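It should be emphasised that the depicted structure is a prediction, and the values quoted were computed from it without experimental measurement. Residue numbering restarts at 1 for every chain, and letters A, B, ... go by the order of the sequence lines.
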2 protein chains.
Amino acid sequence: MDDLDRQILDILRRDARTPYTEIADEIGTSEGTVRNRVERMMDDGVIERFTISTRTGNVQAMLEIGVAVDVDTNGVAERMAEWAEVDLVWMVSGEQDIVLVVDAADTRGVNDLITKARNQEEVVSTKTRLILEEQLG
Amino acid sequence: MDDLDRQILDILRRDARTPYTEIADEIGTSEGTVRNRVERMMDDGVIERFTISTRTGNVQAMLEIGVAVDVDTNGVAERMAEWAEVDLVWMVSGEQDIVLVVDAADTRGVNDLITKARNQEEVVSTKTRLILEEQLG
DNA sequence: TATGAAAGACTAACTAA
DNA sequence: TTAGTTAGTCTTTCATA
């Protein structure tokens, strides 16, 4: 992980479809070098995946969810990952155990999801934050 | 946004480099249809960007940050987005105002970042959660 | 939807450090 | 031995009909 790697990552984070030749020009090296480095970073797990970020609904939110102490948090998380509006599930430390990152049609959609979460028998608490704006690091 | 669109998004979320021809085969349509739909979804903002997910460090965390009431939260958020370990910045509703999603070398790196955040004059509170595991929705 | 042209990615052989 | 380069080939995308 040197500076060249970091430059490649920065470019790909902003547009993962940037051609290797264009990246190479921008950072002053050859297409082959960029390709080799991207491959190496994928092998090493530095690049986890090529993906898309989407916005299908109009309301983004974080749902922080606490589950009962005697429960298989992983199983609950897996189940919630299947819910249509859920983009991402994190298992976290702290007073809650699971964080859902969701993309709902509207605030009612968020509310329905909260209700759905609270209806799970393992869930003991929820806390919701609307995501008002997002910026890439 | 019909079911075909959703299937395309699902495939691209898992591997955004999947060729149109392969997506077409998988969902039973033509390459041109997939291409047109991807283009349309990009125009409509449903696909925000093609990107990569990375893991350069060993510790992922969420930092929830409260800023003083009279402060330009946006400006603070922009500044924090520049910090090396910060992958994502959200401005959120709730008791905190900003959430940083960070990827640090180790727990000490997280701690340094918390210190850095608390040293900003606009910051009045922080709360940290380690991200123990992540699942795609 | 089909097809040809253009662009991009990949293979492999080579060079340099 | 590892990283980088380059030329040739193959694949994917894109524009047109």
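Distances from the side chain of S30(A) to the nucleotides dA9(C), dT13(D), dT5(D) place dT5(D) closest. In this structure, of dG4(D), dC14(D), dT6(D), it is dC14(D) that holds the atom nearest to the side chain of R35(B). Closest to the side chain of P19(B), from the set dT12(D), dT1(C), dC10(C), is dT12(D). Of the candidate nucleotides dA3(D), dC14(D), dT5(D), dA3(D) has the atom nearest to the side chain of R37(A).
Between R37(B) and D44(B) there is no salt bridge, since no side-chain N of the basic residue sits under 4.0 Å from a carboxylate O of the acidic one. E22(A) has no carboxylate O lying under 4.0 Å from a charged side-chain N of R17(A), or vice versa, which leaves the two without a salt bridge.
Among the atoms of the strands shown, base atoms are found under 4.0 Å from some heavy atom of G32(A). Within 4.0 Å (heavy atoms only), T29(A) reaches sugar-phosphate atoms of the nucleic acid but no base atom.
As rounded to whole Å, 15 Å separates atom C1' of dT1(D) from atom CG of N36(A). Across the protein-nucleic acid pair, I23(B) atom CD1 and dT13(D) atom C1' stand 12 Å apart, rounded to whole Å. Spacing between atom CG of D43(A) and atom P of dT2(D) amounts to 14 Å, rounded to whole angstrom units. In this structure, the CE atom of M42(A) is 14 Å from the C1' atom of dC10(C), given to the nearest Å. Straight-line distance from the CD atom of E31(A) to the P atom of dA12(C): 15 Å, rounded to whole Å. Atom pair D44(A):CG and dA3(D):C1' shows a separation of 14 Å (rounding to whole Å applied). Between the P atom of dA9(C) and the CD atom of E22(B) lies a distance of 16 Å, rounded to the nearest Å. Rounded to an integer number of Å, the gap from E39(B) CD to dT13(D) C1' is 10 Å.
Side-chain contact, S93(B) with R129(A): no donor N or O sits under 3.5 Å from an acceptor N or O. Side-chain N/O atoms of D103(A) and T56(A) include a donor and acceptor closer than 3.5 Å. Side-chain contact annotation: R13(B) with T54(A), donor-acceptor N/O pair under 3.5 Å present.
Of the two residues near DNA chain D, D2(A) and Y20(B), the one whose nearest nucleotide lies more 5' is D2(A).
Of the side-chain N and O atoms in T33(A), one or more sit less than 4.0 angstrom from OP1 or OP2 of dT5(D).
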